[in-house]
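Note that the structure is predicted; figures quoted are calculated from it, not measured. Naming convention: chains lettered A, B, ... in sequence-line order (proteins, then strands); numbering from 1 in each chain.
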2 protein chains.
Amino acid sequence: MEAGHHDAHACDAAVSLAFTILGKRWNGMIIDALGGGPLSFAVLRRTVTGISDAVLSDRLSELTEASLLSRVVDPGPPVSVTYALTPGGERLLPVLEQLGQWASENLAVPQRA
Amino acid sequence: MEAGHHDAHACDAAVSLAFTILGKRWNGMIIDALGGGPLSFAVLRRTVTGISDAVLSDRLSELTEASLLSRVVDPGPPVSVTYALTPGGERLLPVLEQLGQWASENLAVPQRA
DNA sequence: GGAGTCGCTATGAATAACAGAGTGACTAAC
DNA sequence: GTTAGTCACTCTGTTATTCATAGCGACTCC
């Protein structure tokens, strides 16, 4: 019981930490999109349906700052920027896959408008 | 390659679905807190450090509506309300545990103010 | 009666996300 | 040379969400 209590306490802080990233709209989906390989800003914008330029730019900065993404600039011309998962970012993918599986088995699909 | 592409596409929609719940602030942590067993509103309020009454109330309603939580009223007196995970909610716990593990291994702990 | 807890609701303030316009650098088509 | 498009963002006003806090009726305890 104490062992279990200790584990639950450890999970609380770590889960909170996880949600400092994943509790912000779009981060999980950006990371998931990059699971297929490095992408440019424009491709991410189109792949993560519904996100705005401004929010995408903010999120990419935060995720890069958190060392989950790397931002690689090819000086060109034309200049191009590619975002890729870091190893830490990649380690989230199997968990995201499980989240997706859980969702498809346990959440109702929203009604179509 | 096509099989891999198909999988990635399936994950995208399902991951999006997962984040309709988990991409809102506090939901992951509420579910995690209830992983230890049913709790009252007030205990949840104290356990999920930093959440306000109003948002907790909103979140509990949404999670109940999404069939991840059940809300049980003991008529009393005094009246008391208990929230518990449904089986679907419980099935998220192992994934949350993995999220916590990922976070503790891959995210920097924020500096203390 | 007063103070406290419970399970919320209400409300204004602060913050996050949205919606869309804009920039300079570049390319392609005419 | 001009026009239109794409890229990788930045900017700005609007809308939505979250925060902070007060308050309510029901109840308990002193």
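- Side-chain N/O atoms of B:S57 include none lying less than 4.0 angstrom from OP1 or OP2 on C:dG7.
- Put simply, A:W26 has a side-chain N or O that comes within less than 4.0 Å of OP1 or OP2 on C:dC18.
- Between A:Y83 and the phosphate of D:dC9, there is a side-chain N or O to OP1/OP2 separation shorter than 4.0 Å.
- Two different hydrophobic clusters hold B:L39 and B:V72 under the rule that ILVMFWY side chains link at heavy-atom gaps under 4.5 Å.
- Rounding to whole angstrom units, CG of residue B:L44 and C1' of C:dC8 are separated by 13 Å.
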**Asked** Can you list the steps and then say if B:R91 with A:E105 is a salt bridge (Lys or Arg N to Asp or Glu O under 4.0 Å)?
**Response** CA-CA 10 Å; B:R91 282 190 276 271; A:E105 289 166 5; 5.9 Å; no
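- What separates NZ of B:K24 from P of C:dC18 is a distance of 12 Å, to the nearest Å.
- If you take CG of A:D58 and C1' of C:dA17, they are 9 Å apart, rounded to a whole angstrom.
- Within the 4.0 Å cut-off from OP1 or OP2 of D:dC7, at least one side-chain nitrogen or oxygen of A:R46 is found.
- Side-chain atoms of A:N106 come within 3.5 Å of backbone N or O of A:W102 as a donor-acceptor pair.
- Distance B:I51 CD1 to D:dC19 P: 7 Å, rounded to the nearest Å.
- A:S40 has a side-chain polar atom (N or O) that falls below the 4.0 Å cut-off from OP1 or OP2 of D:dA8.
- The closest donor-acceptor contact from the side chain of A:R59 to the backbone of A:R25 lies under 3.5 Å.
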Distance-only donor-acceptor hits, side chain of residues 46-57 of chain B, under 3.5 Å, sequence neighbours excluded:
residue, atom, partner, partner atom, Å
B:T47, OG1, B:V43, O, 2.7
B:S52, OG, B:V55, N, 3.3
B:D53, OD1, B:R45, NE, 2.2

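- Distances shorter than 4.0 Å separate some side-chain N or O of B:R71 from OP1 or OP2 on C:dC8.
- Nucleotide C:dA17 holds its P atom 15 Å from the CZ atom of A:R45, rounded to whole Å.
- Here the P atom of nucleotide C:dG7 and the CG atom of B:D74 are 10 Å apart, to the nearest Å.
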For nucleotides 23-30 of chain D, print each protein N/O atom paired with a nucleotide N/O atom at under 3.5 Å, atom names and distance only.
none

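- Side-chain nitrogen and oxygen atoms of B:R25 include none within less than 4.0 Å of the OP1 or OP2 phosphate oxygen of C:dA17.
- With A:N27 contributing its side chain and A:I21 its backbone, the two residues share a donor-acceptor pair below 3.5 Å.
- B:T64 contributes no side-chain N or O that, together with a main-chain N or O of B:R71, makes up a donor-acceptor pair within less than 3.5 Å.
- The CG atom of B:L69 sits 15 Å away from the C1' atom of C:dG7 (whole-angstrom rounding).
- Phosphate proximity of D:dT18 to B:R59: present, with a side-chain N or O under 4.0 Å from OP1 or OP2.
- We find that CG of A:N27 is positioned 13 Å from C1' of C:dA17, with the value rounded to whole Å.
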